[in-house]
Amino acid sequence: MADKHEQIVDPHTGTATTGHEWDGIAELNTPLPRWWLWTFYACIIWSFGYWVAYPTWPLVSGYTKGLLGYSERTNVTEALQAVRDGQAKLNEAIVKDSFADIKANSQLLNFALAGGKVAFGDNCAACHGRGAQGSPGFANLNDDNWIWGGTFDQILQTIQYGIRSDHPETRISQMPAFGVDGLLTPSQISDTAEFVRSLSNLPHDSAAAERGKAVFQGDGACVTCHGDDGKGNQEVGAPNLTANIWLYGGTKEAIVTQITTGHGGVMPAWSGRLDPATIKKLAIYVHSLGGGQQ
């Protein structure tokens, strides 16, 4: 390394070096441009002003507030309140207006669909799926097969009061547990399952299905709720057995289990949990999914 008091000029650039040299490579003494230095100094001076004017330094139990009293939290709170104030008028219109009026108002309809989609994701998707496609025991809301009816008013009622919930106005239906309660024998249940599959034109044992038809119409009294043609009754929540759409599965084993146990799920009543505007937006959104009836 060269003597630090000896000024050495780089022969290639004509610039003096700092006197530092590593492995034959000398460090040039090239100062920063003066404009850059003045900018740097100005930024330092500006930072002192920023410290005084704005919230800056953390303290033991808080922070310096700054002379301007600026608060990002306050700004966000005010912005959110402004949004809520704007939505309040739309929510009032959602509650007040009829479904037909909302559909005729593009602003209201889009607002309702957007809000309903968010509410569905927060409250309904856990059971019905993000795409409302359902799963065994939880209805697919995209098709046109409805146990309790698919008009807007029927959907709204279902959401408000639930199915077999603890609400006094809930929708209630109960399929008997024909096997558990000993109402039918295992062979009768098996034959009835074959007949039920035949109603949807699924592969089945024709002889067993014929015997099952007699059980369906007689000893089992399935026709009381499902009807002679098996198309169900939305007034009592009896599903259409001819549509090949199954809440608990359409295999022979799944149908046997359903007849044997008569299991029925519970949908909570959202009245009291969600505000009226949100419930109505949910009903509008569900109705829009593709299977909503007029």
For Gln81 and Asp85, test the side chains for any donor-to-acceptor distance below 3.5 angstrom and give the result as yes or no.
yes
Grouping ILVMFWY residues whenever side-chain heavy atoms fall under 4.5 Å, the cluster of Ile245 otherwise contains none
Please tabulate, for the side chains in residues 183-190, all donor-acceptor contacts under 3.5 angstrom to protein atoms that are two or more places apart in sequence or on a different chain.
residue: Thr185; atom: OG1; partner: Ser187; partner atom: OG; Å: 3.1
residue: Thr185; atom: OG1; partner: Gln188; partner atom: N; Å: 3.2
residue: Thr185; atom: OG1; partner: Gln188; partner atom: OE1; Å: 3.4
residue: Gln188; atom: OE1; partner: Thr185; partner atom: N; Å: 2.9
residue: Ser190; atom: OG; partner: Lys252; partner atom: NZ; Å: 3.1

Residues pairing under ring-ring contact (aromatic ring centres under 6.0 Å, His included) where one sits in residues 235-256, two or more places apart or in two chains, turn out to be Tyr248-His263
Apart from Val9 itself, members of its ILVMFWY cluster (side-chain separation under 4.5 Å) are none
For Val236, the other hydrophobic cluster members (4.5 Å side-chain criterion, sorted by chain and number) are none
Side chain to side chain donor-acceptor pair (under 3.5 Å) filter on Asn140, not counting sequence neighbours, yields Asn142
The salt bridge (charged side-chain N to carboxylate O under 4.0 Å, His left out) partners of Lys213 (sequence neighbours excluded) come to none
By salt bridge (charged side-chain N to carboxylate O under 4.0 Å, His left out), Arg211 pairs with (sequence neighbours left out) Asp191
List the atom pairs, donor and acceptor, that lie under 3.5 Å between side-chain atoms in residues 130-137 and the rest of the protein, sequence neighbours left out.
residue: Arg130; atom: NH1; partner: Gly121; partner atom: O; Å: 3.3
residue: Gln133; atom: OE1; partner: Gly131; partner atom: N; Å: 3.1

Tracing side-chain contacts under 4.5 Å among Ile, Leu, Val, Met, Phe, Trp and Tyr outward from Tyr63 reaches none
**Test item: side-chain donor near acceptor, Ser173 and Arg164, under 3.5 Å** = yes
Quick note, ring-ring contact (aromatic ring centres under 6.0 Å, His included) partners involving residues 113-139, not counting sequence neighbours, are Phe120-Tyr285
Kindly list each side-chain donor-acceptor pair under 3.5 angstrom involving residues 40-57, sequence neighbours excluded, with atom names and distances?
residue: Ser47; atom: OG; partner: Ile44; partner atom: O; Å: 2.5
residue: Thr56; atom: OG1; partner: Trp51; partner atom: O; Å: 3.4
residue: Thr56; atom: OG1; partner: Tyr54; partner atom: O; Å: 2.7

